Number of protein chains: 2
Amino acid sequence: MVGIAKIDLIEGVVKGMAVLECFDTSRQRLNATLTAQRAGITRAAARRHLLTLAHLGYLESADGYYWLSSKVLRFSGSYLASARVPRAVQPVLDQLAAQTQEAFAAAVLDGDEAVIVSRSGNEGSGTPGSTRRLLAHGLHLGARLPAHATSSGRVLLAGLPRTELSAWLKERQFRRLTPQTVTSNSALRAILNEVRKQDYSLVYEEHETGVGALAVPVRDAQGNVVAALNVVVSPQRYGPEALLRTMFGPMCDAAAMLRSVL
Amino acid sequence: MVGIAKIDLIEGVVKGMAVLECFDTSRQRLNATLTAQRAGITRAAARRHLLTLAHLGYLESADGYYWLSSKVLRFSGSYLASARVPRAVQPVLDQLAAQTQEAFAAAVLDGDEAVIVSRSGNEGSGTPGSTRRLLAHGLHLGARLPAHATSSGRVLLAGLPRTELSAWLKERQFRRLTPQTVTSNSALRAILNEVRKQDYSLVYEEHETGVGALAVPVRDAQGNVVAALNVVVSPQRYGPEALLRTMFGPMCDAAAMLRSVL
DNA sequence: CGCACGATGTGCGGTAATCGCACAACGGGT
DNA sequence: ACCCGTTGTGCGATTACCGCACATCGTGCG
């Protein structure tokens with residue numbers, strides 16, 4: 001049991017998953033040539049992998065084009081059923097949504113992005129097709145939000161150990177998503193300190209114009225931040241102060257309730 | 001361009017996905033030995049695949065055990081963002097839930113099972129911890145329901161072309177899930193005919209005791225059944241007749257609305 | 001206390017699966 | 001008609017992977 005720990009990666013799996021990941025939000029239907037380019041493999045290999053995945057049922061295909069099938073939900077289903085955070089969070093979110101008629105979500109950190117692991121509400125009792133619907137656009141389960149420009153992302157970042165956070169901030173470029181986006185490392189660091197102090201994050205129109213959000217951390221029994229709870233609203237209906245005043249209390253209560261079961 | 005069409009499957013992908021599928025609802029944490037057994041491969045291979053998947057971020061591991069990470073939500077995220085059915089259905093479900101304070105879901109057929117591709121509501125304004133919460137248990141996104149014993153499943157089956165349905169019914173065993181479960185092929189066939197005629201399916205306690213459900217088909221512009229809309233309630237609060245009386249109308253309206261956008 | 005059992009991590013050689021190229025066929029646009 | 005892009009599909013070479021085997025470790029039991 002000596003020897004240098006050498007990880008042997010299975011190339012087939014690496015390529016297969018790379019092919020699967022080619023189907024992202026921006027490109028939903030791919031042919032063999034495009035897939036090869038995106039995955040950085042030869043067309044022949046891409047085609048064989050696509051065929052394999054289609055054969056297994058994860059992709060559907062017609063006319064040489066491929067797209068994700070509903071079978072990929074298998075994984076999210078298993079994950080949601082097994083992971084403690086989404087299981088515990090879902091009923092709490094539903095209740096918040098029912099109480100307030102707003103759209104809530106819970107997110108965890110995965111690399112540079114906050115991943116929505118649970119969501120609830122939206123649309124409320126408002127007129128169908130009102131602005132509310134637009135807000136929830138892109139907030140589906142599994143959606144990935146840039147951590148630096150979203151309330152949930154900042155809460156999660158602020159919850160990281162200082163050393164990890166420093167490493168994260170170091171040498172990282174932040175994309176400007178709206179005119180308001182904070183892209184400077186030092187400014188973000190200051191904001192995160194503030195977030196850590198006040199234990200919430202309020203972000204208006206830094207991710208998308210016309211969208212404001214408030215997030216609070218969800219901690220486990222040991223005090224580690226394991227998720228973020230957030231609500232997203234239209235700035236026209238809720239200014240930052242009003243949002244904080246009305247939602248901060250209920251959300252903190254929810255987070256506290258979760259702490260006892262995590 | 002002659003030659004016999006021969007599909008070459010990439011073994012690595014097949015095994016990799018098999019390993020990933022080992023993590024289902026019932027077994028959420030696996031070690032190398034268990035995985036090998038479940039996936040039908042040698043322990044060494046299983047271990048290498050697990051390591052690869054963990055390295056890619058789809059699994060987390062500690063103490064030789066592995067479990068799904070939030071990264072698998074990437075796929076469902078892409079699917080939900082791309083597929084037309086969930087995108088169109090989600091706001092409609094949210095609205096139904098807001099109007100009625102009940103838990104709705106939409107499902108599509110995948111093999112023997114109905115897969116939940118969208119859900120909304122539950123808990124409502126009721127007391128936290130009331131029976132309502134129990135109902136939504138297992139109705140998370142990506143959950144898989146046995147088609148023969150659930151309202152959504154039957155609606156989807158009834159929507160299949162007759163020949164496909166016959167093939168499906170032929171030579172298939174149906175598991176008894178509760179004392180009420182219909183397990184005979186001929187009885188199910190009769191039920192499906194009924195469902196096709198009345199265009200809804202009402203199923204009480206055939207899947208789980210203490211749960212009743214109503215489902216209606218969602219059709220696209222061509223009239224093909226592409227999904228099922230369902231509501232799940234406690235039999236104590238809603239008998240079949242009451243459920244049908246109060247929910248059938250709104251659900252049909254929702255399905256009709258969807259038809260125009262699919 | 002020691003032994004047996006079952007688990008894990010990791011070399012290593014043989015084999016077979018996969019790679020990438022090449023070519024044929026096809027379609028659409030100019 | 002010609003060219004450019006695509007797709008499907010052999011085929012030989014190679015290398016990546018499989019399965020075995022061994023060393024190690026922890027635990028429970030006699």
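For clarity, every value in this text was computed on a predicted model and none was experimentally measured. A, B, ... follow the sequence lines: proteins, then strands. Residue 1 opens every chain. Note that these values count all heavy atoms, side chains included, but never hydrogens, waters or copies made by symmetry.
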Enquirer: Does atom CZ of B/R27 have more than 12 heavy-atom neighbours, drawn from other residues, nucleotides or ligands, at distances under 6.0 Å?
Expert: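 Not buried by this count: 12 neighbours or fewer within 6.0 Å.
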Enquirer: Check the distance between D/dC18's P and B/L50's CG and give it to me in whole angstrom.
Expert: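 From B/L50 CG to D/dC18 P: 12 Å.
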Enquirer: If I compare all heavy atoms of B/V155 with all of B/V225, which pair ends up nearest, and what's the gap?
Expert: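 Heavy atoms only, the tightest pair is O-CG1, 4.3 Å.
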Enquirer: Is it the case that the side chains of B/E60 and B/S69 hold a donor-acceptor pair, with the cut-off being a distance below 3.5 Å and no angle test?
Expert: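 Looking only at side-chain atoms, B/E60 and B/S69 do not form any donor-acceptor pair under 3.5 Å.
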Enquirer: Side-chain donor or acceptor of B/R43 under 3.5 Å from a matching atom on the base of C/dG6?
Expert: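 Not at all, since no donor on one side and acceptor on the other fall under 3.5 Å apart.
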Enquirer: Quick one: closest heavy-atom pair of A/D94 and B/R119, and the distance?
Expert: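 That closest heavy-atom pairing would be OD2-NH2, 3.3 Å.
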Enquirer: Distance check needed: C/dT8 C1' versus B/L30 CG, whole Å only.
Expert: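 Checked: the CG to C1' distance equals 16 Å.
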Enquirer: Taking protein heavy atoms under 4.0 Å as touching, what does nucleotides 14-19 of chain C look like 5' to 3' if B marks base contact, S marks sugar-phosphate-only contact and - marks none?
Expert: ---SSB
Enquirer: Quick check: closest heavy atoms across B/V117 and B/P86, and the distance to 0.1 Å?
Expert: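 Minimum heavy-atom contact is O-CB, 3.8 Å.
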Enquirer: Taking the basic N atoms (NZ, or NE/NH1/NH2) and the acidic carboxylate oxygens, is any pair closer than 4.0 Å for A/R172 and A/D112?
Expert: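 Looking at A/D112 together with A/R172, the answer is yes, because their closest N to O distance falls below 4.0 Å.
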Enquirer: Can you check the B/L34 CG to C/dG6 P distance for me, whole Å?
Expert: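 That distance rounds to 15 Å.
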Enquirer: Under 3.5 Å, is there a donor-acceptor pair between the A/N31 and A/T33 side chains?
Expert: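 A/T33 and A/N31 do not have a side-chain donor-acceptor pair below 3.5 Å.
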Enquirer: The helix from C/dC1-D/dG30 to C/dT30-D/dA1: angle between its terminal axes, five pairs each, to 10°?
Expert: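 About 30° separates the two local helix axes.
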Enquirer: Looking at B/R219 and B/D199, is any side-chain nitrogen of the basic one under 4.0 Å from a carboxylate oxygen of the acidic one?
Expert: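 Yes, B/D199 and B/R219 are salt-bridged.
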Enquirer: Using every non-hydrogen atom in the two residues, find where B/Y66 and B/L51 come nearest and quote the distance to one decimal.
Expert: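 Looks like OH-CD2, 3.9 Å.
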Enquirer: Could you state the atom-to-atom distance from CZ of B/R47 to C1' of C/dT8 in whole Å?
Expert: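 The answer, rounded to whole Å, is 8 Å.
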Enquirer: Nearest heavy atom decides the nucleotide; on that basis, is B/I41 or A/Y66 closer to the 5' end of DNA chain D?
Expert: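 This one resolves to A/Y66.
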Enquirer: A/L51 has an atom CG; how far is it from atom C1' of D/dG8, in whole Å?
Expert: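 After rounding, the gap between these two atoms is 10 Å.
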Enquirer: Check whether any side-chain nitrogen or oxygen of B/N31 sits under 4.0 Å from OP1 or OP2 of C/dT8, and answer yes or no.
Expert: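 Checking C/dT8 against B/N31, a side-chain N or O does come within under 4.0 Å of OP1 or OP2.
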